[in-house]
Amino acid sequence: MTSPTNTPAGWYADPQGTPNQLRWWDGAQWTAHTHAGRPGQPPPQQAAPPNPNPGKVQHQVQQQAQVGPAAGGGGTLFTEPVLVVNQKAKLIELTNEYSVFDQHGRTIGSVVQVGQSVLKKVARFVTSLDQFMTHQLEIRDANGQPHLVLTRPAKFVKSKVMVTRPDGQPVGEIVQQNVFGKINFGIHVNGQQVGAIKAENWRAWNFAIVDHTDTEVARITKTWEGLAKTMFTTADNYVLQIHRQLPDPLLSLVIATALTVDTALKQDSRGFG
């Protein structure tokens, strides 16, 4: 699996010869990320999703989450001080999909569930056993390039989410610490806890993210989409506010946390969690 080093990053015909499959070339090497498709026909996820009404996102940030305008930001997932994470509304949720915007309503990324077989989708449709299934999501930039991979193994009582780079390099883990009361998650790197995610109420809608000194470095606020949408669709929407520039890998794990909260916890409210 080799390719000229001057080949730009993108989706190309799988060099392993798998028919009708594209594989992501990151500009230096082939990765494990694949999509159904043909050469010259980019997968649907690669196209940048349309921007919503910027005023609607700004209302979500400033009025619903009570987050004031924040200075700075370089227009990417890892440089913006405020990220708006909105799940695609569906009557029946078979695949988790999210759009990620900056505080002004510009699309800067997405989160897409990958690796789901037809059998797993059928099981999600006819049962409420999501927590007993392994879930994997990719955090992608606005061009569809993966930056982080989140894997939540099948759980019974407590969740654990493993975060890696697209090439498989470990970043850290997010581990559920308790079952009853206000849910807390530990943020771990190389076996050491470097932070925590603390629910502020028993419904686990709002979370404070703290570092190893128990100082708040970020906050996740769930925003209300209205009674009809909340009752009849699966959409969950959050605003992530990062209070200051964070070093990696803590920054990557904080960003992953905004997606982990829904996958590891809220999703299980339909089952036994």
Side-chain angles (χ1 to χ4, degrees), residues 45 47-90 93 95-113 137-148 150 161 163 174 185 197 199-201 203-209 216-230 233-246 250-267:
Q45 292 91 341
N51 286 329
N53 182 342
K56 181 178 179 181
V57 173
Q58 292 168 17
H59 175 80
Q60 184 179 347
V61 173
Q62 298 176 21
Q63 302 300 320
Q64 294 181 288
Q66 297 294 303
V67 174
T76 71
L77 290 168
F78 300 95
T79 58
E80 287 293 328
V82 177
L83 298 179
V84 181
V85 184
N86 290 345
Q87 187 175 15
K88 183 178 180 180
K90 305 173 187 176
E93 180 186 43
T95 301
N96 296 324
E97 296 180 49
Y98 305 80
S99 296
V100 185
F101 310 98
D102 67 10
Q103 61 187 316
H104 307 294
R106 293 185 289 257
T107 300
I108 58 175
S110 63
V111 181
V112 178
Q113 186 161 6
L137 300 98
E138 290 182 350
I139 299 179
R140 302 172 178 173
D141 62 21
N143 295 317
Q145 181 174 357
H147 286 264
L148 294 173
L150 280 62
V161 176
V163 183
I174 303 169
F185 294 82
I197 309 158
E200 296 189 338
N201 51 62
R203 293 184 65 88
W205 277 1
N206 301 326
F207 293 82
I209 305 176
E216 183 175 312
V217 297
R219 173 169 292 272
I220 298 174
T221 304
K222 180 179 174 65
T223 55
W224 178 252
E225 287 299 299
L227 181 62
K229 190 170 184 180
T230 299
T233 73
T234 62
D236 276 319
N237 301 322
Y238 298 88
V239 173
L240 171 66
Q241 180 187 19
I242 302 176
H243 301 323
R244 58 179 174 84
Q245 184 63 42
L246 301 174
L250 182 59
L251 174 62
S252 292
L253 290 169
V254 166
I255 291 173
T257 292
L259 290 310
T260 300
V261 165
D262 181 68
T263 301
L265 180 62
K266 301 300 291 182
Q267 189 181 81

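Values below: every heavy atom of this structure, side chains too, minus hydrogens, waters and symmetry copies. Computed from a predicted structure; not experimentally measured.
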Determine whether a donor-acceptor pair (N or O, by modelled atom type, separation under 3.5 Å) exists between the side chain of Glu80 and the backbone of Gly75. yes
Taking Ala199's backbone N and O only, do any of them form a donor-acceptor pair with Asn206's side chain (distance below 3.5 Å, no angle check)? no
State whether the side chain of Asn143 and the backbone N or O of Gln145 hold a donor-acceptor pair below 3.5 Å, judged by distance alone. no
Quick one: do Phe207 and Thr221 satisfy side-chain contact (heavy atoms from CB on, under 4.5 Å)? Show the steps, please. CA-CA 7 Å; Phe207 293 82; Thr221 304; over 6 Å; no
Thr107 and Ala142: which non-hydrogen atoms are nearest, and at how many Å? O-CB, 4.0 Å
When you look at Thr257 and Ile209, which way does the side-chain contact (heavy atoms from CB on, under 4.5 Å) test go after all the steps? CA-CA 9 Å; Thr257 292; Ile209 305 176; 3.9 Å; yes
In plain terms, say whether Glu200 and Arg219 are close enough for a salt bridge, that is, a side-chain N and a carboxylate O under 4.0 Å apart. yes
If you compare all heavy atoms of Phe78 against all heavy atoms of Leu251, which two are closest, and at what distance to 0.1 Å? O-CD2, 3.5 Å
Could you walk me through whether Val111 and Val85 satisfy the side-chain contact (heavy atoms from CB on, under 4.5 Å) test, starting with their C-alpha distance in whole Å, then the side-chain angles of each, then the deciding distance to 0.1 Å, before giving a yes or no? CA-CA 9 Å; Val111 181; Val85 184; 5.6 Å; no
Nearest heavy-atom approach of Thr79 to Gly74 is OG1-N, 3.0 Å
Would a distance-only check, ignoring hydrogens and angles, find a side-chain to backbone donor-acceptor pair under 3.5 Å from Gln103 to Ala70? yes
Evaluate side-chain contact (heavy atoms from CB on, under 4.5 Å) for Lys222 paired with Ile220, printing each intermediate quantity in order. CA-CA 7 Å; Lys222 180 179 174 65; Ile220 298 174; over 6 Å; no
Looking at Val84 and Val57, what are the two nearest heavy atoms and their distance? CG2-CG1, 3.8 Å
Provide the closest heavy-atom pair for Leu77 versus Leu83 in the form atom of the first, atom of the second, distance. O-CD1, 3.8 Å
Over all heavy atoms of both residues, which pair between His147 and Asp141 is shortest? Give the atoms and the distance, please. NE2-OD2, 2.9 Å
